[in-house]
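Structure first, commentary second.
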Amino acid sequence: PWGLAPERFKSLIESDDLPVVAEEHAFWLIVMYVQPSPLKPWGRFTVQELDDFLLAVRWRLVPGNFVATRVMQHIIIGDGPQPFARPRLSLLPVLADSMAGYFITSDNKDEPLQKHGERLRGAHRIPVWSFFALGEGDRVRIEEDALRLRKLCTRPAPGATQTVGWGPTTASFAGSICYVDKLFKDSCACALASLPATLDGRTAS
């Protein structure tokens, strides 16, 4: 995409069909497109164009530790050409929202600042890092290895007071794509249902 005009590149980053399996890859794609340098931290682009690219990233899907350690200090985020410049005020709210959404383990999180902030792309395969990251209606891919799935189901999850349990039909879920029907906090588990025909297969795993 390096020869694309800025508007075309922005549309590419905004697209649900951008072929990235993890959202941080969208950030690195922007970095490669911009090709920043110490003399030209924003490449050949205006700050507004660069902000448009970066605000198209779905920051709620980017791991908070990646934002804190790799993004916040990157030259294309800073408000000046000097190394380790502070992040631009135009980007700071969504970056802070991204880290809050990742690190706050609560089912009462605020809605993301970006309308598209938590929407999965078609190629995404994003590990669910915590029970508290799940919500009713989310689409998930179950662990494919039946033996590993059994081990996970027969021991309490972090923060749980009881196990999920293992039944005669549990193995049939291995590798399947379902959606979360109901959440159970005591076991940090969820009831799963098959995907309706009207839903696509975009999923976290």
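- Using a 4.5 Å cut-off on side-chain heavy atoms (C-beta onward), Phe9 and Ile30 make contact.
- Counting heavy atoms from C-beta outward, Phe27 and Val62 have side chains that stay 4.5 Å or more apart.
- Contact between Ala157 and Cys188 at its shortest, heavy atoms only, is CB-CB, 4.0 Å.
- Residues Val71 and Leu89 are members of one and the same hydrophobic cluster, defined by side-chain heavy-atom contacts under 4.5 angstrom among Ile, Leu, Val, Met, Phe, Trp and Tyr.
- To the nearest 0.5 angstrom, Ile76 atom CD1 is 11.5 Å from Trp42 atom CH2.
- Counting heavy atoms from C-beta outward, Ile142 and Leu192 have side chains that approach closer than 4.5 Å.
- The CG atom of Leu92 sits 5.5 Å away from atom CE of Met72, with the distance rounded to the nearest 0.5 Å.
- Atom CD in Glu144 sits 10.0 Å away from atom OG in Ser176 (nearest 0.5 Å).
- Relative ring orientation between Phe66 and Trp28 is described as perpendicular, the plane-to-plane angle rising above 60° on a 0-90° scale split at 30° and 60°.
- Rounded to the nearest 0.5 angstrom, Gln35 CD and Phe45 CZ are separated by 8.5 Å.
- Note that CG of Leu149 is 9.5 Å distant from OG1 of Thr154, once rounded to the nearest 0.5 Å.
- Taking both residues in full, the closest heavy atoms of Thr170 and Cys153 are given as CG2-SG, 4.4 Å, listed atom of the first, atom of the second, then distance.
- For the pair Leu29/Tyr33, no side-chain contact is recorded, criterion being any heavy-atom separation below 4.5 Å from C-beta on.
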Under the salt bridge (Lys or Arg N to Asp or Glu O under 4.0 Å) rule, what do Glu23 and Arg60 come out as? Steps first, then yes or no, please.
-> CA-CA 9 Å; Glu23 191 60 16; Arg60 272 287 182 98; over 6 Å; no

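- Note on Val164 and Leu152: separate hydrophobic clusters, where clusters join Ile, Leu, Val, Met, Phe, Trp and Tyr whose side-chain heavy atoms are under 4.5 Å apart, directly or indirectly.
- Each of Phe184 and Phe173 belongs to its own hydrophobic cluster when Ile, Leu, Val, Met, Phe, Trp and Tyr are linked at side-chain heavy-atom distances under 4.5 angstrom.
- The nearest pair of heavy atoms linking Trp166 to Ala146 is CH2-O, 3.8 Å.
- Residue Leu54 holds its CG atom at 8.5 Å from OG of Ser90, rounded to the nearest 0.5 Å.
- Val140 places a side-chain heavy atom less than 4.5 Å from the side chain of Val180.
- Between Ile75 and Ser37, the shortest heavy-atom distance links the atoms CD1-O, 3.6 Å.
- Nearest heavy-atom pair across Ile13 and Ala56 is CG2-CB, 3.5 Å.
- Ser187 approaches Thr163 most closely through the heavy-atom pair CB-O, 3.9 Å.
- Side-chain contact check for Arg70 versus Ile77: every heavy-atom pair is 4.5 Å or farther apart.
- Hydrophobic cluster membership is shared by Val34 and Val20, with clusters built from Ile, Leu, Val, Met, Phe, Trp and Tyr side chains linked at under 4.5 angstrom.
- Remark: the backbone N or O of Ser15 is paired with a side-chain donor or acceptor of Arg121 at under 3.5 angstrom.
- Between Thr161 and Asp186 there is a side-chain heavy-atom pair separated by less than 4.5 Å.
- Under 4.0 Å is where a charged nitrogen must lie from a carboxylate oxygen, and between Lys10 and Glu49 no such pair does.
- Between the Arg141 side chain and the Cys178 main chain, no donor and acceptor come within less than 3.5 Å of each other.
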Check the pair Trp59 / Asp97 against side chain to side chain contact (heavy atoms under 4.5 Å, CB included), numbers first and verdict last.
-> CA-CA 8 Å; Trp59 288 107; Asp97 178 68; over 6 Å; no

